[in-house]
Amino acid sequence: MSIKFDFPDEYVDILKNYAEENHKTVETALADTFEFLELKDESFSHYHMVVEHPKQYLNDADGLNATAIRQLYMDLFGEDTVGDEAACYYDPDRLDVLFLDMQYDTEVPLWNVLEMFQNRIPGMSLTGDTLTLYFIGDRFHGLEEIEAVEEWLADPSHEDQDDGGRHETKGYYETIFDDAEDDEDFDDEI
């Protein structure tokens with residue numbers, strides 16, 4: 001079933017400006033907003049992120065190579081947290097999209113993750129206990145390449161096909177908290 005909305009011109013202008021500032025189509029910006037409203041108060045231990053043109057979210061990233069960009073994203077979401085296993089794939093020669101998988105030791109509120117990503121609102125998809133965050137410009141057209149890379153990454157033999165994983169970085173980040181009470185304090189932060 002499809003519902004047609006008529007928004008006041010002022011709201012349409014706000015949405016168009018927001019979409020332009022965040023390098024998104026209007027349809028994607030609207031869908032991202034509704035998905036955020038649905039999941040904003042939830043917490044998850046497993047986050048998967050798809051970041052189109054990842055350099056645009058970093059300061060002074062023009063001179064950085066793919067390995068440095070992968071490490072920056074892993075550090076951004078892994079350091080100073082409850083502890084987590086991180087895996088990041090980025091091969092800009094294949095596709096200018098970064099894939100980041102964070103398996104935290106305990107649930108982390110969505111607000112905390114978005115705060116680490118400059119409070120930008122991504123598209124969201126919940127599959128089982130994994131929340132996928134889509135920082136991409138158009139989620140409704142031309143996703144075939146992104147989907148193909150995700151399928152390839154899901155295949156355990158992909159590291160053999162990637163010259164031993166040279167476009168992938170993995171690691172574990174220790175928790176910054178001394179005990180379970182500190183973990184709870186982190187979960188309650190906003």
Side-chain angles (χ1 to χ4, degrees), residues 22 24 28-29 31-54 56-58 66-91 95 97-136 139 143 146-159 162 165 167-190:
N22 289 279
K24 298 180 180 190
T28 297
D32 291 357
T33 302
F34 283 119
E35 290 165 358
F36 169 73
L37 291 174
E38 180 182 4
L39 296 167
K40 67 182 174 56
D41 295 321
E42 300 295 325
S43 296
F44 303 93
S45 59
H46 192 183
Y47 287 89
H48 179 70
M49 296 170 215
V50 179
V51 184
E52 187 176 47
H53 310 299
Q56 76 181 356
Y57 299 103
L58 301 172
T67 303
I69 290 171
R70 286 193 306 270
Q71 192 64 54
L72 276 171
Y73 271 88
M74 286 176 56
D75 291 348
L76 177 66
F77 291 97
E79 290 181 339
D80 301 328
T81 66
V82 296
D84 61 273
E85 186 72 36
C88 187
Y89 175 84
Y90 179 53
D91 179 4
L95 186 64
V97 177
L98 179 135
F99 300 86
L100 178 63
D101 200 62
M102 304 300 288
Q103 179 69 51
Y104 291 100
D105 293 347
T106 187
E107 288 187 348
V108 175
L110 176 60
W111 280 106
N112 291 52
V113 173
L114 295 180
E115 180 180 66
M116 291 184 267
F117 207 83
Q118 305 165 1
N119 291 316
R120 294 185 189 266
I121 305 300
M124 299 178 200
S125 174
L126 184 59
T127 306
D129 64 347
T130 302
L131 182 65
T132 301
L133 306 177
Y134 296 96
F135 295 94
I136 59 178
R139 291 185 40 218
L143 297 178
I146 290 174
E147 291 168 352
V149 173
E150 286 195 296
E151 286 178 24
W152 178 75
L153 287 170
D155 181 353
S157 67
H158 80 271
E159 287 184 19
D162 185 32
H167 298 292
E168 190 168 21
T169 305
K170 294 181 179 183
Y172 180 77
Y173 291 86
E174 294 288 337
T175 181
I176 62 166
F177 302 103
D178 293 330
D179 58 37
E181 285 182 25
D182 289 339
D183 286 352
E184 291 173 13
D185 290 343
F186 179 79
D187 290 344
D188 292 337
E189 286 180 4
I190 291 256

When the ring planes of Y73 and F77 are compared, do they come out parallel, tilted or perpendicular, using 30° and 60° as the limits?
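Y73 vs F77 ring planes: parallel.
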message = Angle between ring planes, Y89 versus W152, binned at 30° and 60°: parallel, tilted or perpendicular?
response =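 Rings of Y89 and W152: perpendicular, over 60°.
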Can you confirm whether [X] sits close enough to [Y] that some side-chain heavy atom of one is under 4.5 Å from a side-chain heavy atom of the other?
{"X": "I69", "Y": "L98", "result": "yes"}
{"X": "D91", "Y": "L95", "result": "no"}
{"X": "L100", "Y": "V51", "result": "no"}
{"X": "L126", "Y": "F44", "result": "yes"}
{"X": "P109", "Y": "E42", "result": "no"}
{"X": "Y90", "Y": "T67", "result": "no"}
{"X": "L110", "Y": "M124", "result": "yes"}
{"X": "I136", "Y": "L143", "result": "yes"}

Considering all heavy atoms of both residues, which atom of [X] and which atom of [Y] are nearest to each other, and what is their separation?
{"X": "K170", "Y": "A87", "result": "CG-CB, 3.9 Å"}
{"X": "F177", "Y": "V82", "result": "CE1-CG1, 3.8 Å"}
{"X": "T169", "Y": "R70", "result": "OG1-NE, 2.8 Å"}
{"X": "G171", "Y": "E85", "result": "O-OE2, 3.4 Å"}
{"X": "I121", "Y": "L114", "result": "CD1-CD1, 4.3 Å"}
{"X": "M102", "Y": "A86", "result": "SD-CB, 3.5 Å"}

For V113 and M49: C-alpha separation, side-chain torsions, deciding distance, then whether side chain to side chain contact (heavy atoms under 4.5 Å, CB included) applies.
CA-CA 11 Å; V113 173; M49 296 170 215; 3.9 Å; yes
With no hydrogens and no angle check, do the side chains of T132 and H48 hold a donor and an acceptor under 3.5 Å apart?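 No.
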Is there a donor-acceptor contact under 3.5 Å linking the side chains of Y173 and D75?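 Yes, a side-chain donor-acceptor pair sits under 3.5 Å.
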Would you say the side-chain atoms of [X] pair up with the backbone N or O of [Y], donor to acceptor, closer than 3.5 Å?
{"X": "W111", "Y": "K40", "value": "yes"}
{"X": "D84", "Y": "Y104", "value": "no"}
{"X": "Y57", "Y": "R120", "value": "no"}

Say you draw a straight line from [atom1] of [X] to [atom2] of [Y]; how long is it, rounded to the nearest 0.5 Å?
{"X": "D41", "Y": "F36", "atom1": "CG", "atom2": "CZ", "result": "8.0 Å"}
{"X": "Q71", "Y": "C88", "atom1": "CD", "atom2": "SG", "result": "8.5 Å"}
{"X": "E168", "Y": "D101", "atom1": "CD", "atom2": "CG", "result": "9.5 Å"}
{"X": "M74", "Y": "E79", "atom1": "CE", "atom2": "CD", "result": "10.0 Å"}

Task: Evaluation steps, side chain to side chain contact (heavy atoms under 4.5 Å, CB included), between T81 and V108 - done: CA-CA 9 Å; T81 66; V108 175; 5.9 Å; no
**OP:** Apply side chain to side chain contact (heavy atoms under 4.5 Å, CB included) to L72 and L58, showing your working.
**Re:** CA-CA 9 Å; L72 276 171; L58 301 172; 4.1 Å; yes
